[in-house]
Each structure stands twice: as structure tokens, then as C-alpha cells.
**Q** 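One structure coming up, written as C-alpha cells, with questions to follow.
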Amino acid sequence: MKFSLIVAVVVLALAQGSFAQEAFNLDNLSQYFEDLRNRMPQDLGEIIRNPDLVNQARTFLEERKAQLEPLATQVQEQLRAASTNVEEQLKPLATQLQPMFENLQRQVEAMVQKMREQAAAISN
């Protein structure tokens, strides 16, 4: 977080400076970002090893987890209720459609059988 704020401030400062200058010196800017990139792993390592920051991050994650657990439970309950509702609505529909599917299956089987008979008659 600190690093991103530092980068944002640096970029804004560079942008402001570039508007104020008549000639933009690309070599200096490239060197600045190269130095910044080389320094970044050191700064990042210092941030990660900072016990206060690690504790803050751990506390933050634990607080968010505590906030989200009741919400997750609530969402699970709502999903269970919705799935039960959908299942209850689909059972009668499936019962109504079953005879139609069985009839369709018989018709398709009859057509396939007729095509086999015709193919056998043609091949003889």
C-alpha cells in the first residue's frame, strides 16, 4: 500500500514537472524508473518483514473473515431455499413431460427401425 502511494505521488510529480518543462528529458525519466525498479525489491522486502504491517494485515483479514462468515451462511441458506423451490416447481413439470418424451422416443425408434428395414431392402 505504501509502495503504491509512493509510486502514485512520483508519477503525479513527474507528470506535473513534465508539463512545466519545455523539453522532456526521456533519458532522465528512464533512469529514474530504472532506479525505482531496482530499489523496489528492497523496499518490498522491508515492508513484508515489518511486523506491525504483518499484524495489521492479519487483523484486517480476520476482521473481514468474521464479517463475511455470517453473509456466507445466509447466502447458503438462501441458495438451499431457492434450489428446493426450483425442485418443487420442476417435479410436476417433469411428471407432465415424461409421457411426451416416452412417446417421442417410441416414434424415433420406429423411424430408425423403418430406415434400417429400407436400407436392408436396398442392399439386397
**Q** Name the residue from E109, K114, R116 that meets the side chain to side chain contact (heavy atoms under 4.5 Å, CB included) definition with V112.
**A**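 Looking at E109, K114, R116, the match for V112 under the side chain to side chain contact (heavy atoms under 4.5 Å, CB included) is R116.
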**Q** Among all residues two or more places apart in sequence or in another chain, which pass the side chain to side chain donor-acceptor pair (under 3.5 Å) test with E102?
**A**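 Testing E102 for side chain to side chain donor-acceptor pair (under 3.5 Å), a comparison that skips the adjacent residues, returns Q98.
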**Q** For residues 75-94, run the donor-acceptor check on the side chains, cut-off 3.5 Å, and write out each pair with its distance to 0.1 Å, sequence neighbours left out.
**A**
residue : atom : partner : partner atom : Å
S83     : OG   : L79     : O            : 3.3
S83     : OG   : R80     : O            : 2.9
T84     : OG1  : R80     : O            : 2.8
N85     : OD1  : Q89     : NE2          : 3.3

**Q** Please enumerate all residues that pass side chain to side chain contact (heavy atoms under 4.5 Å, CB included) together with N55, with sequence neighbours excluded.
**A** R58
